[in-house]
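Note that the coordinates shown come from a computational prediction; the quantities given were computed from them, not determined experimentally. Letters A, B, ... are given to chains in the order of the sequence lines, protein chains preceding strands, and every chain is numbered from 1.
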Number of protein chains: 4
Amino acid sequence: MSPRNVDRDMQHRDQKISDILDSAVYTIAGKGIGATSMKDIAQAAGISIGNLYHYFKSKEELLDVLLKRSQQNYGELVRELERLDEPPLAKLARLTRDWLTVEENWALTMIRQNVRTSHLISHQIRRDVTDRFTDNLAPIASIMAEGQKRGEIKDGDPTQLAFYLVSLIQGLTLQKAPGYEVPVAVEAQSIVNLFVK
Amino acid sequence: MSPRNVDRDMQHRDQKISDILDSAVYTIAGKGIGATSMKDIAQAAGISIGNLYHYFKSKEELLDVLLKRSQQNYGELVRELERLDEPPLAKLARLTRDWLTVEENWALTMIRQNVRTSHLISHQIRRDVTDRFTDNLAPIASIMAEGQKRGEIKDGDPTQLAFYLVSLIQGLTLQKAPGYEVPVAVEAQSIVNLFVK
Amino acid sequence: MSPRNVDRDMQHRDQKISDILDSAVYTIAGKGIGATSMKDIAQAAGISIGNLYHYFKSKEELLDVLLKRSQQNYGELVRELERLDEPPLAKLARLTRDWLTVEENWALTMIRQNVRTSHLISHQIRRDVTDRFTDNLAPIASIMAEGQKRGEIKDGDPTQLAFYLVSLIQGLTLQKAPGYEVPVAVEAQSIVNLFVK
Amino acid sequence: MSPRNVDRDMQHRDQKISDILDSAVYTIAGKGIGATSMKDIAQAAGISIGNLYHYFKSKEELLDVLLKRSQQNYGELVRELERLDEPPLAKLARLTRDWLTVEENWALTMIRQNVRTSHLISHQIRRDVTDRFTDNLAPIASIMAEGQKRGEIKDGDPTQLAFYLVSLIQGLTLQKAPGYEVPVAVEAQSIVNLFVK
DNA sequence: TATGAATGAGGGTTCATTCAT
DNA sequence: GATGAATGAACCCTCATTCAT
């Protein structure tokens, strides 16, 4: 009843939401949005289906929050990267390597890709996802520009180059869906090399 | 025995199958495999649901045939391209431009991508899709190798470069899902330019 | 056009109907009426489904004809048995042995049993089946009566005894459904022995 | 954690399952397994189809549970009968009379018979049904053996005699399917009399 | 908060039957 | 007679969501 209790309750709630999303990410990434039921998500989180609806008022809202959180995390990461005291090409190599290595990025890409075609998802949410995606392009474009200034990176619109890099990484990421591995090696260095002058 | 022309019947059947698939491609690409019901497909083809099952014994088989057909068509195209009497970079530019322009390629990519995560699709079919995809990489790798011999294309494993090009194109293609357009220009020339030495 | 041709056509038709039923009996007996589709029956007979409907105007009619034929054949058999120049107990033993051995009897029993509970079958047909069954009881009752006159068979209403014998044989027959074999030996002699004074 | 009484919930669930099965028995017995839809069963139980699947994950499981329960109940009954302080022939007469009188036995027999030929039913379940059936034969065989020791029952393998008695009763029971009544009287006394020396 | 029973629309699939060729 | 395309109702089952406890 005291403010402190209310605060603690809110924190507890946020923590629970976070836990649910953590366990949901891999389930959804692995099975696809359409094939993942709310029961699946509840079971993965170890709670009842009724309780799940206490934290998310619908499947759509759950996805919305999940995507927002993931993209914001990624956005912070990429903005930190921009500020690092490293040569631009090293930054791009690091970004690429992380993306291809960190499993959560794979899951996020799978889900984002899924969102595009799922009719469970409202137009509004799809727009939001796209907007955040576009925002997150800026720091990479900035790195590209810096590389161009140094004469290390190919000419062209930096945003376009950033878009190409991210699309390439995501295209490659999607090839790593279970049961779909194309037998061709992928390395961060050779990818970044495409952008080298 | 039969008062009907068996040959003509077979042709008629093949034609009908082809028509159904033609109308199904865009429906599935637009809504996703999971969200596209057999009723949707039947309606798009202008036939009854029962009759649809006369031509495909399951949704899975329909997808299998659709993917096989699409990938074979694409394979022939890319093999013809390889044999063209043109410089390698021109071939790559033509390939990229076609891919980004021809709407059917967009649809095919969307569906292929969907197949990877859909649990409606058996492992076997996913393997087949991947195998055909890998096969279709060879002619492009061959073009890359030719370009390297001429000193026009960057060094590296030609198959890997082909894989990168195709993944990039597909990554960009996926961005073109309805309601998901990222506001960044995409041109074949600047894409191919990444592979230029 | 000549009467002879019409006759020959009719004979041909009857022969065809007989062939279809012959191949249908085991299919229906094995899978059950409900699980056997008209397509199954057509395939078993090696004809098209459309053609099947030229010979039987519905699944129900096919079953009606099949049952009528089977029960009439059985009726003739049992009436011949009655007229044989053998002791009554030998007749009963022969009847029992034949029933348990001849595979067609098994099939007939399975189908008759199925008819009782299948809602595909009209009340009228079920009544007909029962009536023919009751008629076919008479010769056996007559054998029972003769055995009683000789003091070899237990007392009681001969029709009731016949009903018991047939019900017992059928009860045992049903145990022989594939995948349902009860591991207890069954012999004609010990069955008939139940009715011996 | 749970604000509900877990024990009471389990009891409630078991009770509900029992209620559903009770109402399902006669529906299935009357129409046959194939012709009885899950909708029929749900309606008979006064619940929604979705809720029915909350208690049984498939039609097959429902049948499995139903059969298991019925055969276990019958098994207990027959084992109690064996322990009664009565002459063997009286026990057999009581068993026969009960079987022919208690309506639930009729229903059970109809369903068991149906299971044999229904392709909806897995081989495993059919085996289980047969095994339980065979187990339930033992107490009756034991009664037969006791009667033989007293010189009241015919010679022969007691298990075989038990099998004959049960098959006869079941054969007669099946004749009582609605719309299939054979116009011959059936009495427990005259049935048991077949087994008297 | 926490649970799981309850609902019903919708999805994939089957099948008896009809009909044009 | 012979064929198989065509139809649509019905079946089994799933699932997002609500609600009483």
Side-chain angles (χ1 to χ4, degrees), chain A residues 9 12-13 16 34-42 46-62 120, chain B residues 1-6 8-10 12-13 16 34-42 46-62 120, chain C residues 9 12-13 16 34-42 46-62 120, chain D residues 1-6 8-10 12-13 16 34-42 46-62 120:
Chain A
D9 282 2
H12 184 254
R13 184 184 170 84
K16 193 93 189 186
T36 304
S37 66
M38 288 298 263
K39 198 180 171 190
D40 290 336
I41 295 172
I47 62 174
S48 74
I49 193 169
N51 201 15
L52 180 57
Y53 274 88
H54 274 288
Y55 294 102
F56 304 96
K57 77 172 200 286
S58 69
K59 191 177 182 179
E60 170 147 346
E61 193 198 79
L62 187 150
L120 293 168
Chain B
M1 278 292 189
S2 168
R4 293 231 291 263
N5 184 322
V6 175
R8 191 157 44 77
D9 279 7
M10 287 295 260
H12 185 258
R13 186 182 171 86
K16 192 91 191 190
T36 304
S37 68
M38 287 300 263
K39 198 179 170 189
D40 290 336
I41 295 173
I47 61 176
S48 75
I49 202 171
N51 200 19
L52 179 57
Y53 275 90
H54 201 70
Y55 292 101
F56 304 97
K57 76 174 195 290
S58 67
K59 191 177 181 179
E60 169 149 349
E61 194 198 82
L62 187 150
L120 295 168
Chain C
D9 282 2
H12 184 255
R13 184 182 169 85
K16 193 94 190 186
T36 304
S37 66
M38 287 298 264
K39 199 179 170 190
D40 291 335
I41 295 172
I47 62 174
S48 74
I49 193 169
N51 201 16
L52 180 57
Y53 274 87
H54 273 288
Y55 294 101
F56 303 97
K57 76 172 199 288
S58 70
K59 192 178 182 178
E60 170 148 346
E61 193 198 80
L62 187 150
L120 293 167
Chain D
M1 277 295 187
S2 168
R4 293 229 292 262
N5 183 321
V6 175
R8 192 156 44 76
D9 280 8
M10 287 296 261
H12 186 257
R13 187 183 170 86
K16 192 91 190 189
T36 304
S37 69
M38 287 300 263
K39 199 179 170 190
D40 290 336
I41 295 172
I47 62 175
S48 73
I49 203 169
N51 200 20
L52 178 57
Y53 276 91
H54 201 70
Y55 292 101
F56 304 96
K57 74 174 198 290
S58 67
K59 190 178 181 178
E60 171 149 348
E61 194 197 80
L62 187 150
L120 294 168

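In this structure, A/Leu62 and A/Leu52 have side chains that are in contact, with non-hydrogen atoms separated by less than 4.5 Å.
For the pair C/Lys59 (side chain) and C/Ser37 (backbone), a donor-acceptor distance under 3.5 Å is absent. When atom types are taken as modelled, the side chain of D/Lys16 and the backbone of D/Tyr55 share no donor-acceptor pair closer than 3.5 angstrom.
Here B/Met38 contributes atom CE and B/Thr36 contributes atom OG1; the two are 11.0 Å apart, rounded to the nearest 0.5 Å.
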Listed pairs, N/O of protein and of nucleotides 7-11 of chain E, under 3.5 Å:
from: E/dT7; atom 1: OP2; to: D/Ser48; atom 2: N; distance (Å): 2.8
from: E/dT7; atom 1: OP2; to: D/Ser48; atom 2: OG; distance (Å): 3.1

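Close to E/dA6, at under 4.0 Å from its OP1 or OP2, lies a side-chain N or O of D/Lys16. Taking side-chain N and O atoms only, D/Arg13 has no distance below 4.0 Å to OP1 or OP2 of E/dG4.
When every heavy atom of C/Ala35 is checked against every heavy atom of C/Asp40, the shortest pair comes out as O-OD2, 3.6 Å. Pairing each heavy atom of C/Arg13 with each of C/His54, the nearest pair is NH2-O, 3.1 Å.
Rounding to whole angstrom units, NE2 of residue C/His12 and P of F/dG1 are separated by 10 Å. A straight line from CD1 of A/Ile41 to P of F/dC15 spans 11 Å, rounded to a whole angstrom. Regarding D/Glu61, its CD atom lies at a distance of 14 Å from the C1' atom of F/dC12, rounded to whole Å.
Nearest-nucleotide positions on DNA chain E for D/Tyr55 and C/Tyr53 put D/Tyr55 closer to the 5' end.
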Task: Base-pairing string, 5' to 3', of DNA chain E - Watson-Crick or wobble, under 3.5 Å, | interstrand - done: .||||||||||||||||||||
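Among residues two or more places apart in sequence or in another chain, the side chain to side chain donor-acceptor pair (under 3.5 Å) test is passed with C/Glu61 by none.
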